[in-house]
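For clarity, every value in this text was computed on a predicted model and none was experimentally measured.
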Amino acid sequence: MKYMLNAVQQKAVEDTEGAVLVFAGAGSGKTRVLTHRIIHLIEDKGVPGYNILAITFTNKATNEMKQRLSDMLGENAVWVSTFHSLCVKILFRNAERLGYTSGFSIFDETATKRVMQRVLREKHLEDEKDKDKYRYHISTAKNMGLLPDAYFNLIRAKERDAMLIVEVYERYDEILKENNAMDFDDLLMKCRELLSENEDVLSYYQNKFRYIHVDEFQDTNEIQFEIVKLLSGKWHNVFVVGDDDQSIYGWRGANVKNILEFDKAFPEVKTYKLEQNYRSTQQILDAANRLIKHNKSRSDKQLFSDKKDGVRVEYLFCTNEYNEVDNVVGRIVALKKQGYTNGDFAVLVRTNSLTRLFERSFNSMHLPYRIFGGFRFFDRKEILDVVAYMRLIVNPSDSEALTRIINFPKRGIGDTTVAHIEQYAASIGEPMRKVVDEIYDVPGLSPAAKGKIAAFNELIGELTIAKGQMKLKDFVAHLVEKVGFEQYYRSQDKEEELARWENIDEFLRYVEETTEENEDLDLTDFLQTLALNNEVESEDEGEQVTIATMHSAKGLEFRVVFIVACEEGILPSSMSLKENGVEEERRVMYVAMTRAQERLYISCVKGVRNRFNRQEATMPSRFVAEAEGEQPSFASPKPAPYGFGKGGYGYGKGSFGSRADRDFERMDDYSDAIPHEGQMRIGASTNNTTIQQPKKVYNKTTEGFVSGAKVRHKKYGVGTVIIVSGTGAGTTVTVAFKDLGIKKFALMNAPLELI
């Protein structure tokens, strides 16, 4: 059979016996190679389809591969599935070996939450603030393949209540077993257990799956790799495809070492590297190659393309986030005049909280857009929760809003209690708020439940009074503080929960901006404005600008990509700086860059960005310098034809860079945007007014001040050095502090000491 493949792809397809590892760079056609290898096995080697297994990571990828095989082979018996689907089929057929019946239930998130609530009630932990940590630990343990005792040994040195965590884990699993049920994490763990402890079952599947293929191998966790090793243990015909440079899911258990150290499990492995990219221009690939080479834990690859005649990557700097939005919108409008359409553009962000200004600007410019892999800013759960409080205060008859927030943040008011109030309200023909107002007269509820509901009602009453006494922006900020949103999300210390608080903080800024434009706006009018804000008419649903997080954009491609907010503390994230996760953050940036086919814009704010309800000095991400090369440069701004500036729409002070007319600035020159020791910021303007203080020499030598070093600042506490630049008396250090973010200092004059 003749394949339209390049030489390396062809060799990988035809190498069918034994272990084969394919490092497939971004856009190098890995799925095509995997699909054609299966076709080669069936049509050229005579292997029956039922002896072939192909494992993918998403249902979408599974369906696409099935369709490709069907188009090229017609009816076939190749088993294509995700890891979880594979395990479900094996478990249902052999459930009794593990003490389950073949009709066992798979508990979804709602069901597992109820089980957890039961366990916490039994152990008198239902009022504990950080009770979500138990679900987190149980999921982590199962993804690592650890039973309670083994997990206890792992965490007892660093978790104060390790014994309690394990007790909750044990009881949680007991209840699942009593219900003849497994949760989603159990599917992998129990399948591994089944295959490990039942030789006849393992032998059956080893003989059935003589040729095993795994796509996106860099995203596997320990248990998934163990399942692959078990199934391939007889024939050793395992073919894995992946790209270590695109391993960006470590936070959910993926282990990049599985692909980097594959040869330890399969010493006779044959390795191929797919380095020819069919998506991007060489200009884009050169920047991506320069960036990713800074990672130490990787297999060396150098992507190349036949598309040599591309435009250079443009690096844009902006004075603030509004100016940055102007850059993007101005570019989109200009490029559309050259023939590009809305669907050709993508704006990629590191966190969801960064999308709001872009959404607002696109609305004002009548640019239809979609939020890929997520929700529009105002459709996100945390925003809807805040708005629900506001709705209930304006409209006490809004029972949907009341139901949504009566137990959020958690107050110990259960679903059964809420349902009872709802039914009682219906029986007397009154809204739920009326029943809540008179809760002590409602039959059928315990005194404890009535007390919790009364406390909620008192909160709503206090907020209703405050509404009439405060200006809108002050009231909304007061509401968020009084309800306790920040405390709730920050107490969980998980990146996704902190991101939710960032979104609420961004919402507060939206309220402030809206009231600046209309000082007389009241809460009722604001809610009406909010309801209309997210409406964008689109004649063609498919022709929309895409806004996406960098993680959700993996696997996609666009003619034009804007990567925005490339600043220290955002990309790499402040969480990664604390947890030594910079290499994964660099891979996130690499994935974002390699989504671009023709044009790539990398943007950052050099000045001040509003974050966490305060203005923060910013500095460009180290990734910007790495992508540009040894001497990073930024395009000088020119007026954008269509601006979106703070305080209104239309022609703002926006700008976008142009390489045809540029005035380069070195990264070292950005220190003027950062408040140093001896300077005190006055006001909130981006034009820093400073008071010079007498400078005292604290560090006469730079010895020991290296990236990764721990330091203590007299005022700011303990931090981690992330960048050291300059020499001698001109040395500067950039330090990440846990609660204060990123700060840059002149080393000689900064009260820093090495720890």
Step-by-step side-chain contact (heavy atoms from CB on, under 4.5 Å) determination, Ile42 to Val78: CA-CA 10 Å; Ile42 294 174; Val78 177; 3.7 Å; yes
Assess whether ring-ring contact (aromatic ring centres under 6.0 Å, His included) is satisfied between Phe266 and His236, documenting all intermediate values. CA-CA 8 Å; Phe266 297 91; His236 307 291; 7.0 Å; no
Pair Glu216-Gln218, side-chain hydrogen bond (donor to acceptor under 3.5 Å, both in side chains): steps then yes or no: CA-CA 5 Å; Glu216 303 285 7; Gln218 77 280 351; 2.7 Å; yes
Quick one: do Asn258 and Thr220 satisfy side-chain hydrogen bond (donor to acceptor under 3.5 Å, both in side chains)? Show the steps, please. CA-CA 7 Å; Asn258 288 350; Thr220 54; 3.0 Å; yes
Report the C-alpha distance between Arg210 and Lys234 in whole Å, list the side-chain angles of each, state the deciding distance to 0.1 Å, and finish with yes or no for side-chain contact (heavy atoms from CB on, under 4.5 Å). CA-CA 8 Å; Arg210 299 179 68 168; Lys234 180 175 182 179; over 6 Å; no
The test is ring-ring contact (aromatic ring centres under 6.0 Å, His included); show your working for Phe345 and Phe558 and say whether it passes. CA-CA 6 Å; Phe345 301 102; Phe558 306 90; 9.8 Å; no
Between Asp244 and Ser299, does the side-chain hydrogen bond (donor to acceptor under 3.5 Å, both in side chains) criterion hold? Intermediate values first, please. CA-CA 7 Å; Asp244 53 306; Ser299 171; 5.0 Å; no
Run Phe217 and Phe262 through ring-ring contact (aromatic ring centres under 6.0 Å, His included) and show every step you take. CA-CA 10 Å; Phe217 193 71; Phe262 187 77; 5.5 Å; yes
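Residues Pro572 and Arg622 form a side-chain contact, since some pair of their non-hydrogen atoms from C-beta on lies under 4.5 Å apart. Side-chain atoms of Glu568 and Ser621, non-hydrogen and from C-beta on, do get closer than 4.5 Å to each other. Side-chain contact check for Asp243 versus Lys301: some heavy-atom pair is nearer than 4.5 Å.
Rounding to the nearest 0.5 angstrom, the gap separating the CG atom in Leu5 from the NE2 atom in His40 is 11.0 Å. Between the CG atom of Leu348 and the CG atom of Leu556 there is a distance of 9.0 Å, given to the nearest 0.5 Å. Annotation: the span from Glu628 atom CD to Glu314 atom CD amounts to 11.0 Å, rounded to 0.5 Å. From Leu303, atom CG reaches atom OG of Ser305 across 9.5 Å, with rounding to the nearest 0.5 Å. Between the OG atom of Ser247 and the CD1 atom of Ile259 there is a distance of 8.5 Å, given to the nearest 0.5 Å.
Atom NZ of Lys257 has 12 or fewer neighbouring heavy atoms from other residues, nucleotides or ligands inside a 6.0 Å radius. Within a 6.0 Å sphere centred on OH of Tyr278, heavy atoms belonging to other residues, nucleotides or ligands number more than 12. Enclosure of atom NZ in Lys336 by more than 12 non-hydrogen atoms of other residues, nucleotides or ligands within 6.0 angstrom is indicated. Atom CZ of Phe92 sits in a crowded spot, with more than 12 heavy atoms from other residues, nucleotides or ligands closer than 6.0 Å. A 6.0 Å sphere centred on NZ of Lys264 holds no more than 12 heavy atoms belonging to other residues, nucleotides or ligands. Other residues, nucleotides and ligands place more than 12 heavy atoms under 6.0 Å from the CG atom of Asp200. A 6.0 Å sphere centred on NZ of Lys270 holds more than 12 heavy atoms belonging to other residues, nucleotides or ligands.
Remark: Arg350 engages Glu585 in a salt bridge, criterion side-chain N to carboxylate O under 4.0 Å. Between Arg298 and Asp300, at least one side-chain N (NZ, or NE/NH1/NH2) sits under 4.0 Å from a carboxylate O, which counts as a salt bridge.
Side chain to side chain, Tyr272 and Asp15 meet the donor-acceptor criterion of an N or O pair below 3.5 Å.
Using a 30° and 60° split on the angle between ring planes, His551 and Trp251 fall in the perpendicular class, above 60°.
Of all non-hydrogen atoms in Ser85 and Asn59, the two that sit nearest each other are OG-OD1, 4.4 Å.
Considering Leu187, Val214, Thr56, Asp219 as possible partners of Phe83, the one that fulfils the side chain to side chain contact (heavy atoms under 4.5 Å, CB included) test is Val214.
A cation-pi arrangement is present between Lys229 and Phe225 under the rule of less than 6.0 angstrom and at most 45 degrees off the ring axis.
In terms of modelled atom types and a separation under 3.5 Å, the side chain of Arg37 and the main chain of Thr16 share a donor-acceptor contact.
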